[in-house]
Amino acid sequence: MDIVIDFKNIQDKQSLYVYLKDVFCDCEFYGSNLDALMEVLMCLKDKNIIIRNVDVLKDNLGDYAQKLVNTFSLAKKENKKIDVIIEGV
């Protein structure tokens with residue numbers, strides 16, 4: 001099953017984590033930080049995570065956007081049951 005994450009409307013960290021909570025609503029995603037996101041990503045099974053519009057995220061969040069991308073990349077390495085596809089990078 002695919003999970004599509006599109007960052008085109010993300011303006012700041014608050015909107016980022018509200019959006020991610022909506023995307024991962026079936027997990028208990030209560031933390032608004034990268035560690036909490038990593039925990040959610042590690043509990044996923046048989047998912048393809050497709051990430052779009054990282055360039056918009058970088059424009060709006062600066063260096064934090066790269067930390068977020070790194071979190072998804074690390075999750076892909078550590079959780080062999082998911083795949084992460086970052087489009088446009």
Side-chain angles (χ1 to χ4, degrees):
M1 185 174 126
D2 290 348
I3 298 173
V4 178
I5 300 174
D6 192 337
F7 292 126
K8 68 181 176 187
N9 294 317
I10 302 302
Q11 299 296 316
D12 53 30
K13 285 184 189 178
Q14 182 179 358
S15 62
L16 168 68
Y17 285 110
V18 168
Y19 176 67
L20 290 175
K21 183 175 181 178
D22 287 343
V23 168
F24 296 112
C25 63
D26 61 336
C27 291
E28 293 184 12
F29 182 78
Y30 295 109
S32 294
N33 59 60
L34 297 175
D35 289 334
L37 174 61
M38 185 66 169
E39 288 180 20
V40 169
L41 296 172
M42 295 307 294
C43 78
L44 297 177
K45 297 177 184 174
D46 303 318
K47 305 286 186 192
N48 295 316
I49 302 170
I50 302 165
I51 300 174
R52 296 184 175 144
N53 290 306
V54 172
D55 55 335
V56 173
L57 196 66
K58 288 180 180 179
D59 288 343
N60 293 333
L61 298 183
D63 292 338
Y64 196 79
Q66 188 58 52
K67 291 178 183 178
L68 181 70
V69 169
N70 291 347
T71 300
F72 280 101
S73 296
L74 181 60
K76 177 181 177 177
K77 288 180 186 175
E78 293 188 11
N79 182 353
K80 302 299 182 195
K81 297 178 181 179
I82 65 170
D83 191 20
V84 177
I85 302 145
I86 302 173
E87 296 179 347
V89 175

message: Applying a strict under-4.5 Å side-chain criterion to I, L, V, M, F, W and Y, I'd like to know whether Ile85 and Val69 cluster together.
response: no
message: Suppose we screen for side-chain contact (heavy atoms from CB on, under 4.5 Å). Which residues come up paired with Lys80, at least two apart in sequence or across chains?
response: none
Partners meeting side-chain contact (heavy atoms from CB on, under 4.5 Å) with Asn48 (sequence neighbours left out): Asp2, Asp83
Common cluster, Ile3/Val40, ILVMFWY with side-chain heavy-atom separation under 4.5 Å: yes
task: Mind listing the closest non-hydrogen atom pair of Tyr64 and Leu16 along with its distance?
output: CE2-CD2, 4.0 Å
Lys81: partners by side-chain contact (heavy atoms from CB on, under 4.5 Å), with sequence neighbours left out: Lys45, Asn79
- line: Of all heavy-atom pairs linking Ile50 and Glu87, the shortest is CG2-OE2, 3.4 Å
Close side-chain approach of Tyr17 to Leu20, heavy-atom, < 4.5 Å: yes
- prompt: With respect to Ile10, which candidate in Asp59, Leu57, Asn60, Val18 satisfies the side-chain contact (heavy atoms from CB on, under 4.5 Å) definition?
  reply: Leu57
field: Listed partners of Asp12 passing salt bridge (charged side-chain N to carboxylate O under 4.0 Å, His left out), at least two apart
entry: none
Spacing of CD1 belonging to Ile82 relative to CG belonging to Leu44, to within rounding of 0.5 Å: 6.0 Å
- request: Mind checking side chain to side chain donor-acceptor pair (under 3.5 Å) for Tyr19 and listing every partner two or more places apart, or none if nothing turns up?
  value: none
message: I need the minimum non-hydrogen distance between Ile86 and Ser73, along with the two atoms involved.
response: CD1-OG, 4.2 Å
- prompt: To the nearest 0.5 Å, how far apart are OG in Ser32 and CD in Gln14?
  reply: 8.5 Å
- prompt: Are the side chains of Leu41 and Ile49 in touch, meaning some heavy atoms are under 4.5 Å apart?
  reply: yes
field: pair Gln66-Lys58: side-chain heavy atoms closer than 4.5 Å
entry: yes
message: Going by salt bridge (charged side-chain N to carboxylate O under 4.0 Å, His left out), name the residues that satisfy it together with Lys67, two or more places apart in sequence or in a different chain.
response: none
- line: Exactly one candidate in Leu61, Leu37, Ile5 meets side-chain contact (heavy atoms from CB on, under 4.5 Å) with Leu68; the answer is Leu37
